[in-house]
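Structure first, then comments.
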Amino acid sequence: MEASEAVRRRVVAHGQVQGVFFRASLKERAEQYGVAGWARNRADGSMEACFEGQRTAVEAMVSYCADGPEKARVTRLDEIEEDAMGIRGFRVR
């Protein structure tokens, strides 16, 4: 897929989002959906992730972040649309 065909979204999940396997579950789903990007914990207790790929797959990843894995409690999800950069693979930072 060319970068021009891809979409990119960055999200920041707030709430109980660290220590609940959020980043690992994102990596697993991203690999299933063929989505590139990364996920990292932030010093303020939130979790930030970036997704790039086909629109429906990226939207599914963003939607998953609204709830997260079973033990997560997402109280707010910020979403930012960005220009696709043609990245590959998914990394947990």
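Values below: every heavy atom of this structure, side chains too, minus hydrogens, waters and symmetry copies.
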Measuring from atom [atom1] of [X] to atom [atom2] of [Y], what distance do you get when rounded to the nearest 0.5 angstrom?
X	Y	atom1	atom2	result
Phe90	Gln32	CZ	CD	12.5 Å
Glu5	Arg55	CD	CZ	12.0 Å
Glu79	Phe51	CD	CZ	9.5 Å
Trp38	Lys27	CH2	NZ	14.5 Å

What's the shortest heavy-atom distance between [X] and [Y], and which atoms?
X	Y	value
Ala84	Ala6	CB-O, 3.6 Å
Val58	Glu52	CG2-C, 3.7 Å
Arg9	Glu81	NH1-CG, 3.4 Å
Ala39	Leu26	CB-CD1, 4.0 Å

- Item | Same apolar cluster (I L V M F W Y, side chains within < 4.5 Å links), Met47/Phe21 | no
- According to a 4.5 Å side-chain heavy-atom criterion applied to Ile, Leu, Val, Met, Phe, Trp and Tyr, with indirect links allowed, do Val7 and Val12 form part of one hydrophobic cluster? no
- Please name all residues satisfying side chain to side chain contact (heavy atoms under 4.5 Å, CB included) with Ala36, sequence neighbours left out, ordered by chain then number. Ile87
Which pairs would a plain distance check flag for residues 67-75, meaning a side-chain donor or acceptor within less than 3.5 Å of a matching protein atom at least two apart in sequence or in another chain?
from: Arg73; atom 1: NH1; to: Glu70; atom 2: O; distance (Å): 2.9
from: Thr75; atom 1: OG1; to: His14; atom 2: O; distance (Å): 3.3

- Query: Is the closest side-chain heavy-atom distance between Cys65 and Val17 below 4.5 Å?
  - Reply: no
- Could you name each residue pair satisfying salt bridge (Lys or Arg N to Asp or Glu O under 4.0 Å) that touches residues 33-43, not counting sequence neighbours? Arg40-Glu48, Arg42-Asp44, Arg42-Glu48
- Results of salt bridge (charged side-chain N to carboxylate O under 4.0 Å, His left out) for Arg76 - residues two or more places apart only: Asp78
- Query: What residues form a salt bridge (charged side-chain N to carboxylate O under 4.0 Å, His left out) with Glu82, not counting sequence neighbours?
  - Reply: Arg8, Arg10
- Query: With Tyr64, which residues qualify under side-chain hydrogen bond (donor to acceptor under 3.5 Å, both in side chains), at least two apart?
  - Reply: Ser25
- Item | Whether Gln16 side chain and Gln18 backbone form a donor-acceptor pair below 3.5 Å | yes
